[in-house]
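Everything on this sheet refers to the single structure shown next.
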Amino acid sequence: MSSDPVQEIHPASTAVDQDELKIPLIDFGPFFTGTPSDKHAVALSITEAFKTSGFLYLKSHGIPPSVVSRVFASSARFFARPQNQKDALGWTTPQSNRGYVAIGREKLTTVDETNSDTLRASVPDIKETMEIGREVKDQPNHWPDLFDDDGKDFKEIMQAFFEMGKTLHKHIMQAIALGMNLPEHFFDDFIGVGDNNLRLLHYPPVSQEVFQNNPNQVRAGEHSDYGSITLLFQDRHGGLQVRSPKGTFVDATPIADTIVVNAGDLLARWSNDTIKSTRHRVIQPPRPVGESPGDGHQTYPARYSIAYFCNPDDDKLIEALPGTYGEAAQVDKKYSDITAGEYLVQRLTATY
């Protein structure tokens with residue numbers, strides 16, 4: 001009778017390894033179907049990634065590729081609508097954070113000692129977005145269902161996708177809890193309502209000359225995300241770059257059927273900075289598609305992406321997590337307590 005060796009579970013491999021930046025590719029499947037040991041291994045891999053690079057790629061995440069493709073197609077049709085229709089659905093206030101945002105309105109570039117408000121104003125992001133939140137009476141979403149049947153389909157598709165993102169958010173937070181030696185369901189009560197933000201992004205085609213004439217121009221400026229975690233679905237064109245420990249920007253190349261997940265500023269604050277919120281940006285893709293090399297008239301293709309920003313419920317008080325401060329951690333609390341809603345409104349007000 002033969003005896004097969006026990007196969008060791010390796011929930012993570014390396015997707016990016018450059019300039020001291022390591023971003024793992026993590027198989028989330030064992031978290032759902034594996035043994036308790038497998039589940040814990042996945043949780044540790046996710047938490048370790050957030051403590052080191054702040055980024056990871058996630059596969060076997062439970063959202064079918066066919067669903068993602070349908071959302072991308074519906075998003076592209078929305079952004080192809082006449083400008084007057086999109087403008088009629090315009091974003092209004094940080095408190096609502098719902099509706100269409102035209103090209104140039106949002107400026108993500110972080111202002112610090114290396115740049116200025118003048119730079120931030122002179123290099124607006126080359127993108128348009130559609131912001132979608134949970135359905136609430138006093139802060140309604142701005143749906144295109146009043147225009148035509150495709151607008152009605154758009155609403156149905158995005159509402160269903162919003163709920164899928166909410167479910168995945170819950171599972172990832174459960175993994176983070178286990179990885180930080182907290183009860184698996186520690187975060188469940190913080191995220192029950194689903195005050196999340198589904199952002200559809202369209203980066204239109206851009207002439208190579210735009211980037212040649214302004215070396216500071218990017219499609220989305222250097223920034224860190226505001227909430228707990230972000231689920232990013234990329235198309236094949238790429239352009240996402242993550243800042244390395246050396247200060248360089250490293251390509252986070254799209255990998256089919258994966259989600260790029262990164263920690264945001266609120267989770268870093270919640271963890272008393274044991275988790276990193278890493279800056280990133282979106283630039284032109286590596287190679288333009290155009291008439292001929294070097295003719296100066298090449299055009300970088302349109303890029304679409306979907307960002308699902310995961311947040312605690314607006315009324316939840318965010319204070320340093322157990323185990324991240326005090327005598328055992330050898331560090332004090334770094335931040336004052338604040339509700340999630342107050343924090344996010346502060347950040348959005350500074351962005352628009």
Side-chain angles (χ1 to χ4, degrees), residues 9 11-12 15 22-63 164-197 224-232 242 258-278 280 307-313 316-326 328-329 331 333-335 338 340 343-344:
I9 294 293
K22 292 182 183 291
I23 301 178
L25 170 59
I26 296 175
D27 183 354
F28 206 31
F31 190 82
F32 301 114
T33 61
T35 66
S37 178
D38 299 339
K39 188 172 188 175
H40 194 246
V42 172
L44 289 175
S45 294
I46 288 175
T47 307
E48 181 64 19
F50 284 152
K51 288 181 177 180
T52 52
S53 69
F55 271 78
L56 59 91
Y57 288 73
L58 198 67
K59 68 177 182 178
S60 304
H61 44 71
I63 300 180
M164 289 184 179
K166 180 181 173 182
T167 298
L168 181 55
H169 173 209
K170 180 178 178 180
H171 290 311
I172 294 175
M173 295 306 293
Q174 288 171 350
I176 294 171
L178 288 176
M180 297 189 71
N181 296 316
L182 297 170
E184 179 179 347
H185 298 282
F186 178 88
F187 292 110
D188 287 6
D189 288 341
F190 285 91
I191 59 175
V193 172
D195 281 323
N196 302 325
N197 171 226
S224 54
D225 293 343
Y226 306 156
S228 297
I229 59 173
T230 302
L231 313 176
L232 178 67
V242 180
T258 69
I259 303 172
V260 173
V261 186
N262 63 281
D265 294 342
L266 190 55
L267 184 58
R269 179 181 181 130
W270 208 352
S271 72
N272 212 33
D273 285 339
T274 58
I275 285 174
K276 288 186 177 181
S277 178
T278 304
H280 49 284
Y308 190 90
F309 297 108
C310 302
N311 308 306
D313 298 340
K316 299 303 182 184
L317 187 68
I318 304 303
E319 53 186 330
L321 293 171
T324 64
Y325 65 94
V331 63
K333 285 187 179 182
K334 296 182 179 181
Y335 305 100
I338 190 171
Y343 179 80
L344 291 169

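Considering all non-hydrogen atoms of both residues, A340 and L266 come closest at CB-CD2, 4.1 Å. A320 approaches K333 most closely through the heavy-atom pair CB-CG, 3.9 Å. In this structure, M173 and L267 approach most closely via the heavy-atom pair CE-CD1, 4.4 Å. Across all their heavy atoms, G323 and A329 have their closest contact at O-CB, 3.7 Å. Of all the heavy atoms in H185 and D188, the pair that sits closest is ND1-OD2, 2.7 Å. Here the closest non-hydrogen pair linking P183 and A177 is O-CB, 3.3 Å.
In this structure, CG on N181 lies 12.0 Å from CG on L321, to the nearest 0.5 angstrom. For the atom pair CG (L178) and OG1 (T47), the distance works out to 8.0 Å, reported to the nearest 0.5 Å. Rounding to the nearest 0.5 angstrom, the gap separating the CG atom in L182 from the CD1 atom in I176 is 10.5 Å. Rounding to the nearest 0.5 Å places CZ of R269 at 5.0 Å from CD1 of I338. The CG atom of D195 sits 11.5 Å away from the SG atom of C310 when rounded to the nearest 0.5 Å. To the nearest 0.5 angstrom, D27 atom CG is 4.0 Å from S60 atom OG.
Between L58 and L56, some side-chain heavy-atom pair lies under the 4.5 Å cut-off. Taking 4.5 Å as the limit, every side-chain heavy atom of S228 sits out of range of all side-chain heavy atoms of F190. Between Y308 and N196 there is a side-chain heavy-atom pair separated by less than 4.5 Å. Within the 4.5 Å cutoff, no side-chain heavy atoms of T278 are placed close to those of N262. Counting heavy atoms from C-beta outward, Y325 and K334 have side chains that stay 4.5 Å or more apart. At a threshold of 4.5 Å between non-hydrogen side-chain atoms, the residues L168 and I259 count as touching. Two residues are said to be in side-chain contact when any heavy atoms from C-beta on lie closer than 4.5 Å; F50 and V261 meet this criterion. Using a 4.5 Å heavy-atom threshold, the side chains of H40 and T35 count as separate.
In this model, no donor atom of one side chain and acceptor atom of the other lie less than 3.5 Å apart for Y335 and N272. N311 and Y226 share no donor-acceptor pair across their side chains, judged by distance under 3.5 Å alone.
No donor-acceptor pair under 3.5 Å is formed between the side chain of S277 and the backbone N or O of A268. Side-chain atoms of T230 do not come within 3.5 Å of backbone N or O of L232 as any donor-acceptor pair. When atom types are taken as modelled, the side chain of K276 and the backbone of T52 share a donor-acceptor pair closer than 3.5 angstrom.
Not less than 6.0 angstrom separates the ring centroid of Y343 from the ring centroid of W270. Between H171 and F28, the ring center distance fails the sub-6.0 Å criterion.
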### Task
Go through the steps to decide whether T33 and D38 satisfy the test side chain to side chain contact (heavy atoms under 4.5 Å, CB included), and finish with yes or no.
CA-CA 9 Å; T33 61; D38 299 339; over 6 Å; no
### Task
Mind running side chain to side chain contact (heavy atoms under 4.5 Å, CB included) on H61 and T258 for me, showing each step along the way?
CA-CA 8 Å; H61 44 71; T258 69; 5.6 Å; no
### Task
With side chain to side chain contact (heavy atoms under 4.5 Å, CB included) as the test, would you mind laying out the steps for F187 and K170 before giving the verdict?
CA-CA 8 Å; F187 292 110; K170 180 178 178 180; over 6 Å; no
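When the shell of 6.0 Å around NZ of K51 is examined, it contains more than 12 heavy atoms from other residues, nucleotides or ligands.
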